[in-house]
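To start, the structure under review is shown below, and the notes come after it.
Small disclaimer: the values here were computed from a predicted structure and weren't measured. A, B, ... follow the sequence lines: proteins, then strands. Residue 1 opens every chain. Note: hydrogens, waters and symmetry copies are ignored here, and every other heavy atom, side chains too, is used.
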Amino acid sequence: MPEKPYDHKEVELKWHEQWKDHPEIYSTDAASPRPKYYVCEMLPYPSGRLHMGHVRNYSIGDALARYMWMRGYDVLHPMGWDAFGLPAENAAIKRGRHPREWTLDNIAEMKRQMKRMGFAYDWNREVSTCEPEYYRWNQWFFLKMFERGLAYRKEALLNWCPECNTVLANEQVVEGCCWRHETTPVEQRALVQWFLKITEYAEELLNDTYKTLEGGWPERVLTMQRNWIGRSEGTEVDFTLEGTDTKIRVFTTRVDTIYGATCVIMAPEHPLVDSLIEPDKRDALKAMIDSRARKDPADLEKEGLATGKFAVNPYSGQKVPIWVGNFVLMGYGTGAIMAVPAHDERDFEFCKQYGIAIVPVIRPVDGELADAATMKEAYGEYGVTVNTGQWSGLASADAKKQMSDFAEQNGFGKAAITYRIKDWGISRQRYWGTPIPVIHCEKCGIVPVPEDQLPVVLPLNVEITGKGRSPLENVPEFLNVNCPQCGAAARRETDTMDTFVDSSWYFYRYCDSTNDKAPFASQVANHWFPIDQYIGGVTHAILHLIYSRFWTKVMRDIGLVTTGEPAKNLFTQGMVLKDGTAMSKSKGNIVDPEEMVEKYGADTCRLFVLFAAPPERDMDWQESAVSGQRRFLERVYRFVTAHVDKASIAAGEPTPGDRRALRKLHQTVRKVTTDFDSRWHFNTSIAALMELVNELYEVRNDLTANSLPEVLEKLTLLLGPFAPYASQDLWDQLGRQGLVFRQPWPSYDDELAKEEQAEIPVQVNGKLRAKITVAFGTDAKELERLALAEPKVRAFTDGKQVVKIIVVPDKLINIVVK
RNA sequence: GCCCGGGUGGCGAAAUCGGCAGACGCAACGGACUUAAAAUCCGUUUUCGCGCAAGCGGAGUGCGGGUUCAAGUCCCGCCCCGGGCACCA
């Protein structure tokens, strides 16, 4: 058979047609004795088109899934749609299309693109979060959490984006602005909201980053989560409002410095402030609250208001002035602090500014107490206490412990742990989301929708204007309902859930995606979980990945699953950049994968995103480099098709070409296998395949049936995880049956991979001077003799004194001369 | 300010445990094939100096020190780029 040119359209469309309506070829086999492997890529938002970030993410996951199939695992590899969310409503406003219609069209389009890319998903398990069959379980989980006191309502000052017309979670605020509208400053509004008590799990979420997840998740992600949780050990202490019984509770991590406290500062929103502040300062107070809401916290100047009142320090009995400060946060600790300017940088700045006293009470272990009058900055380190009553002369750490205990014994405080993480506000005044399943009854108050009445279906006949409150308020048949408890006329909750709820548990639904009795059967989830490999962008390092961890722990506590963490291993791939910045519509630097597929083929596209950089690193898109991958595929294709016939002709003795080809082949199998089993540097795997093909071209006239059948078969199989279409087509050309990714992964033999002879560099004083070729295993003595005899070496050693010779057998010789 | 990444040819990168720096690919240049071009195949390409040349020698992984027979890799001190956090008491 003459060599065949590679025509990507012919090859890919042929197999695409055969595969596209057969999701079962990628299905799992419950009856299989093979070990399970669950590989999951983060599900996309159905924006309408696949972008290069998706292609990269899914090419990594797909290569892994195919490899694991070939390694004999029962692989679960599903895909779904994060289908609720704002863009659908924006599209409705802009184009007058219904969010559902728009979303479903986008899903259909992206699914088509994914199939064209050749991603091996079991579409029978597809999950779409905007379908009632899915979101009814969001509601079900909500009710379970409500029962357990994990879902509750409270009024709070919350971030409000005037552009989105909705509340944002703290996590959705980026530098004081909305995460979607980076130039729109977030405002503060007081609203009654639904919250999930993630703080209840703060300790466990933190601990697991040191236990279960350590090693399997990138350290970077774990660090970000630890910072986000922000655990801090300290003491709560009550100061007393002078002349009253009113307590002002403060939180401090440095109770050992409390003798240096020279004022108490309260957050402007603190509930006590209103009664403390002089009436003529009310306006200034309001201005303070508003300006903080509007400004980027980074460039907020410190500002304070003296209340004219005093507080009594429970340790020293001393009275200190009470201030209001714009840098004190209501949402952290107790909303009030004691200011110790001598030992806290921020307090120092504040007290200097307002001429408040500075009293040092900690000296360095080997130094003097600072002089209040001359000190230029706060001393924030630990040290030894000075002038602190009965606790004078103690090490900071001991003083902290003893003084904390003292507060507790005397009833004016206690040791306390504070977290930075706050409860998760899930209410959204939006249409395209999961309705929160509660009813507001005038008599009964908040009444959860009974479980057997789920789902609370999102009505479709709404008008979306993007103005005012939720569109659901204008749908009477949704809004008006009878109270499930007393039967009286009542009102449905119109808030919908944050879409992070949808993505917090979707990967469990894949296991049992059609279950209509439960979110999923525990037994099935317990088989597949934890996910063996979760893959996605580092942009989700905090939000999605902490919420889904929380969700899993709740599911465990209600008895649905046995594991406390959803994913054993996490891989975060780098971004795809163009000209050094992220591709985005506003920058107009989008590369459409579909154009690449049309021009070069899906296989080339996949090879390229894997080849251009190691997967965890950001990669800059350079279209000029794509042609190299295309050329490589052409070379492979021509080589295999040209040698198919020759492979079946009986041959005599193996030629030197046969031996070289086999050696390189086994080296390549080993290299690719190692890359898969360790660090997924597919760029080097593909480079190894290229080296193999280059070598095969070099010896192509000297190849016989002694090597060709094995070479052609293994080369084809090695290509499978990266270029599934070309690989399958070559498999077919080789006259083989079945699906490539269901074949066993090729094996290698270290002996066959071994070079015949070792080429050993010889250095003189660390500089390469010659190379000698010897048999493997040549002993050190002999190597030394050969090296010293080498003319190029002698040019540098003659007339000099040989001080030392380092010999690393089979590796290197270094002769040290003087 | 704090915490992570990263800095290697014209470009993307490789060097996995301290042992030949630049694999593989892009781009460029040259050769073969061709009437010609494309495609393909083969070759050259870190840089400087010497040489007609095969070659020989020096320098070289952001900068400055150090450890070592040997450093892109380890240690100390800086600079630059990217990301995250940022009054969290």
Side-chain angles (χ1 to χ4, degrees), chain A residues 3 5 175 218-224 226-228 230-232 234 250-254 257 265 292 297-298 300-302 325-329 331-340 343-347 349-350 380 418-422 538-539 541-542 574-575 577 580-581 607-608 611-614 616-629 631-632 634-635 638 671 674-675 678-679 681 683-691 693-694 697-698 700 759-771 792 795 803-808 811-817:
Chain A
E3 70 173 33
E175 287 174 14
E219 204 48 45
R220 180 161 64 126
V221 172
L222 295 179
T223 306
M224 282 163 76
R226 285 168 197 153
N227 292 341
W228 192 258
R231 183 184 196 272
S232 175
V250 303
F251 173 76
T252 177
T253 54
R254 291 296 302 275
T257 66
I265 312 175
R292 180 158 75 179
L300 198 67
E301 301 273 308
K302 280 194 176 52
N326 67 340
F327 69 101
V328 178
L329 306 172
Y332 182 79
T334 60
I337 62 163
M338 62 175 199
V340 184
H343 302 295
D344 182 281
E345 197 192 313
R346 298 153 300 182
D347 298 346
E349 192 192 323
F350 185 84
T418 307
Y419 299 91
R420 207 187 77 110
I421 192 171
K422 298 185 187 80
V538 74
T539 39
I542 300 174
M575 290 188 298
L577 308 175
T581 50
L607 275 174
F608 179 72
F611 180 76
E616 73 278 8
R617 206 136 93 191
D618 289 350
M619 63 171 277
D620 204 71
W621 182 268
Q622 297 203 5
E623 184 166 344
S624 61
V626 176
S627 58
Q629 307 312 308
R631 261 200 290 267
F632 167 62
E634 288 170 358
R635 271 162 76 78
R638 279 199 311 269
K671 170 68 183 158
T674 314
D675 277 341
S678 58
R679 46 176 207 170
H681 278 198
N683 52 331
T684 60
S685 309
I686 294 166
L689 287 170
M690 290 173 163
E691 281 188 62
V693 172
N694 290 347
Y697 269 82
E698 267 181 56
R700 65 181 179 278
E759 196 184 45
I760 301 180
V762 183
Q763 300 177 337
V764 178
N765 286 347
K767 283 188 179 148
L768 181 69
R769 297 303 180 189
K771 289 181 185 182
K792 284 178 187 164
V803 181
K804 195 174 180 183
I805 301 181
I806 285 98
V807 179
V808 187
K811 273 269 165 175
L812 170 134
I813 300 161
N814 188 11
I815 302 164
V816 186
V817 298

| task | For the side chain of A:Lys792, starting at C-beta, report the closest nucleotide among B:C56, B:A59, B:G84. | result | B:C56

| query | B:A15 phosphate, OP1 or OP2: any side-chain N/O from A:Arg679 under 4.0 angstrom? | reply | yes

| query | Rounded to whole angstrom units, what separation is found between the CZ atom of A:Phe632 and the P atom of B:G25? | reply | 9 Å

| note | Using Watson-Crick geometry (N1-N3 plus N6-O4 or O6-N4) or G-U wobble (N1-O2, O6-N3), each under 3.5 Å, B:C17 is paired with none

| For B:A71, the Watson-Crick or wobble counterpart (both distances under 3.5 Å) | none

| task | When you get a sec, tell me which of B:A89, B:C24, B:C20 is the closest nucleotide to the side chain of A:Thr253? | result | B:A89

| task | Ignoring backbone atoms, establish whether A:Arg631 has a side-chain N or O less than 4.0 Å from OP1 or OP2 of B:A27. | result | yes

| message | When the C1' atoms of B:C48 and B:G60 are compared, how many Å lie between them, rounded to an integer? | response | 10 Å

| How close or far is atom P of B:G10 from atom CG of A:Asp620, stated in whole angstroms? | 18 Å

| request: Assign A:Val803 to base, sugar-phosphate, or nothing according to its heavy-atom contacts below 4.0 angstrom with the strands shown. | output: nothing

| said: Syn if the chi torsion is within 90° of 0, anti otherwise; quick check, which is B:G9? | reply: syn

| said: Both distances below 3.5 Å, Watson-Crick or wobble geometry, any strand: find the nucleotide opposite B:C56. | reply: B:G49

| From B:C87, B:C20, B:G58, pick the nucleotide closest to the side chain of A:Lys302? | B:C87

| field | From B:C85, B:A15, B:A89, nucleotide with atom closest to A:Thr252 side chain | value | B:A89

| field | Sugar-phosphate, base or nothing in reach of A:Pro614, heavy atoms under 4.0 Å | value | sugar-phosphate

| task | Select one nucleotide: of B:A89, B:A13, B:C20, the one nearest the side-chain heavy atoms of A:Pro761. | result | B:C20

| request: Any strand is fair game: report the nucleotide pairing with B:G5 by Watson-Crick or G-U wobble, both distances under 3.5 Å, or none. | output: B:C81

| field | Touch class at under 4.0 angstrom, heavy-atom based, for A:Arg769 against every strand present | value | sugar-phosphate

| Which residues pass the side chain to side chain contact (heavy atoms under 4.5 Å, CB included) test with A:Asn694, sequence neighbours left out? | A:Arg635

| query | To the side chain of A:Glu634, which of B:U40, B:G25, B:G19 is closest? | reply | B:U40

| Among A:Ile806, A:Leu812, A:Ile813, which residue meets the side-chain contact (heavy atoms from CB on, under 4.5 Å) test with A:Gln763? | A:Leu812

| request: Could you please name the option among B:C20, B:C26, B:A14 that lies closest to any side-chain atom of A:Lys771? | output: B:C20

| query | Who is the Watson-Crick or G-U wobble partner of B:U35, with both distances under 3.5 Å? | reply | none

| Proximal nucleotide (of B:A15, B:C24, B:C20) relative to the A:Glu691 side chain | B:C24

Enumerate the protein-to-nucleotides 64-72 of chain B contacts in which both atoms are nitrogen or oxygen and the separation is below 3.5 Å.
from	atom 1	to	atom 2	distance (Å)
B:C69	O2'	A:Asn814	ND2	3.2
B:C69	O2	A:Asn814	ND2	2.8

| request: Taking atom C1' in both B:U68 and B:C81, compute the distance separating them and give it to the nearest angstrom. | output: 31 Å

| query | So, the side chain of A:Asn326 versus the backbone of A:Lys302: is there a donor-acceptor pair under 3.5 Å, distance only? | reply | no

| query | Which nucleotide, B:C3, B:G25, B:C42, lies nearest any side-chain atom of A:Asn694? | reply | B:G25

| OP1, OP2 of B:C85 versus side-chain N and O of A:Arg220: anything below 4.0 Å? | no

| request: Would you kindly give the CD-to-C1' distance between A:Glu349 and B:G1, to the nearest whole Å? | output: 13 Å

| Phosphate oxygens OP1/OP2 of B:C85: is one of them under 4.0 Å from a side-chain N or O of A:Arg226? | no

| Presence of A:Asn227 side-chain N/O under 4.0 Å of B:A86 phosphate oxygens OP1/OP2 | no

| Under a 4.5 Å cut-off applied to non-hydrogen side-chain atoms, are A:Ile805 and A:Asn814 in contact? | no

| Do A:Tyr419 and A:Trp228 have their ring centres less than 6.0 Å from each other? | no

| query | Does B:A89 have OP1 or OP2 sitting under 4.0 Å from an N or O in the side chain of A:Ser232? | reply | yes

| What nucleic acid atoms does A:Arg420 come within less than 4.0 Å of, heavy atoms only: base, sugar-phosphate, or nothing? | base

| message | I want to verify the glycosidic state of B:C75; is it syn or anti under the 90° rule? | response | anti

| note | Per atom distances to the A:Asn683 side chain, the nearest of B:C41, B:C3, B:A14 is B:A14

| said: Salt bridge or not between A:Arg226 and A:Glu219? Use side-chain N to carboxylate O under 4.0 Å. | reply: yes

